[in-house]
Amino acid sequence: MSRFDQYFLMREEDIAPYLAEKMPAYFPEGAKLEVKEIGDGNLNYVYRAVDPVSQRSIIVKQAGISLRISEEMKLSTDRNRIEAEILELQGQLAEGLVPKVYSYDTTMAALTMEDLSDYSMMRYAMMRHEMYPNFADQMTTFLVNTLLESSDVVMEHKAKKELVKRFINPELCEISEDLVLTEPVDDFNGRNSLYPGTEDFVQRELYNDKALKLEMAKLKFKFMNEAQSLIHGDLHTGSIFVKPERTVVFDPEFAFYGPMGYDIGNVIANLWFAWGNGFACDKTEFCQWIEETVVAVIDGFCAKFKQRFAEKATDRMAKTEGFCDWYLGEILADTAGYTGTELLRRTVGMAKNKDLTTVQEADKRVAFEKRNIRLGKAYILQRGEMRQGSDFLSLFRDCQA
Ligand code: SR1
Ligand code: MG
């Protein structure tokens, strides 16, 4: 009988005995581990354990039954199982671009994985206005490999449906259905918080705009009903680690079978948040790099997608002449739509981005928020017109005023 045979929420002092029991061979015998809680997300607890002598280290991530961001929000701890399983799958599809998982413990809802503390979380790297020239190339490889290769274009259809079943994720999807795809235009839970000076603008541009609400409803139903690919489901810059030579995507607990454009759109929107922070801090070169990166992510995705489609498509009808271009066009429209929803929800919703909230001067913060809202709306309303990276950039420039 062990104290880890029944679930409880661990604290720092529980991690060394937990690892001694569950991962006895990982550290040298007699190692005295130093443990620190380093979680930065809204949901879970993340511990880093280091043996200062051998310098070996590991991450333990545990799901709580209520969320860090709100005690009232309860969630099944099964999300950690989903995370462990998808990381293994993504590791096969996009080798080296996700952390290695060592173990998953269903009782404690805890997984152990590779420690990437020598990387920076991309959000903080962006807030320091650092530039990562390999990011677009590695991110587009991750996106194309994980999204295209988990879709019906490539997979045998019954095997794909098995994955749809295995990664059904109703509770975390509900969070996104509400926070991302409803509350920006309809604050029915009363959870939005508006920065002083933006209230009338938000009322007019978001809550009273019927055309926007209709398009948001379409995007919501696509999110709920289009089991296109095994998506990460929360691909913001807080789910990405970077160092100059390598990009690693983590934290896929929101994963489920949904539209590819949701992941790509999340990346693009969070790049625009980084731009907004850079702009508020007068970082011209950094902003220029972000603009180039947005274009490179879209164009790189399209080029790699077409190439891999030609190499890997197995479905007879998917190989029909013209289908790949049509399919990619739909993905780009979805990408623009979900870029828009992410821009809006991270500006007015309960889970805001630090790139935005750390801007102290009121006039700059208001300008940042209004630009996000104009841009988010434009991406949603004009999503059918996006053909390439330069279209995403032109729309962004049109919304500067
Ligand atoms: C209630 S959880 C708020 C947000 O944190 C996660 O990272 C997701 O983005 C979610 O929408
Ligand atoms: Mg997260």
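As the structure lists them, so they are numbered: ligands from 1, and atoms in each ligand from 1.
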(request) Applying ring pair (Phe, Tyr, Trp, His ring centres under 6.0 Å) between Phe250 and each of Phe241, Tyr119, Phe142, report the one that passes. (result) Phe241
(request) Determine, considering heavy atoms only, which of Leu43, Leu235, Asn42 sits nearest to atom 4 (C) of ligand 1. (result) Asn42
(request) Among all protein heavy atoms, pick the one closest to atom 10 (C) of ligand 1 and tell me residue, atom and distance. (result) Phe254 CZ, 3.7 Å
(request) Applying side chain to side chain contact (heavy atoms under 4.5 Å, CB included) between Thr140 and each of Val267, Asp299, Ile264, Val297, report the one that passes. (result) Val297
(message) So for Arg346, does at least one of its heavy atoms come nearer than 4.0 angstrom to any atom of ligand 1?
(response) yes
(request) Check whether any side-chain heavy atom of Leu19 lies under 4.5 Å from a side-chain heavy atom of Phe27, and answer yes or no. (result) yes
(request) Name the closest protein heavy atom to atom 7 (O) of ligand 1, giving the residue it belongs to and the distance to 0.1 Å. (result) Asp234 OD2, 2.6 Å
(message) Taking a cutoff of less than 4.0 Å between a non-hydrogen atom of the residue and any ligand atom, is His236 in contact with ligand 1?
(response) yes
(request) Could you list which atoms of ligand 1 come closer than 4.0 Å to a heavy atom of Ile69? (result) 1 (C)
(request) Look at the side chain of Glu177 and the backbone N and O of Thr182, then say whether any donor-acceptor pair between them is shorter than 3.5 Å. (result) no
(message) Less than 4.0 angstrom from a charged side-chain N to a carboxylate O is my criterion; do Glu162 and Lys158 meet it?
(response) no
(request) Considering only NZ, NE, NH1 and NH2 on the basic side and carboxylate oxygens on the acidic side, decide whether Lys61 and Glu83 come within less than 4.0 Å. (result) yes
(request) Between Arg345 and ligand 1, find which residue part has any heavy-atom pair under 4.0 Å and reply side chain, backbone, both or neither. (result) side chain
(message) Could you identify the N, O or S atom of Asp251 positioned closest to the Mg ion (ligand 2)?
(response) OD2
(message) Checking Glu205 against Lys377 for the salt bridge (charged side-chain N to carboxylate O under 4.0 Å, His left out) test, could you report, in this order, the C-alpha distance in whole Å, the side-chain angles of both residues, the deciding distance, and whether it holds?
(response) CA-CA 8 Å; Glu205 297 296 328; Lys377 285 184 67 170; 2.7 Å; yes
(request) Would you mind listing which atoms of ligand 1 come within a distance below 4.0 Å of any non-hydrogen atom of Ala351? (result) 3 (C), 4 (C)
(request) For Leu67, counting its heavy atoms only, list the atoms of ligand 1 lying under 4.0 Å from any of them. (result) 1 (C)
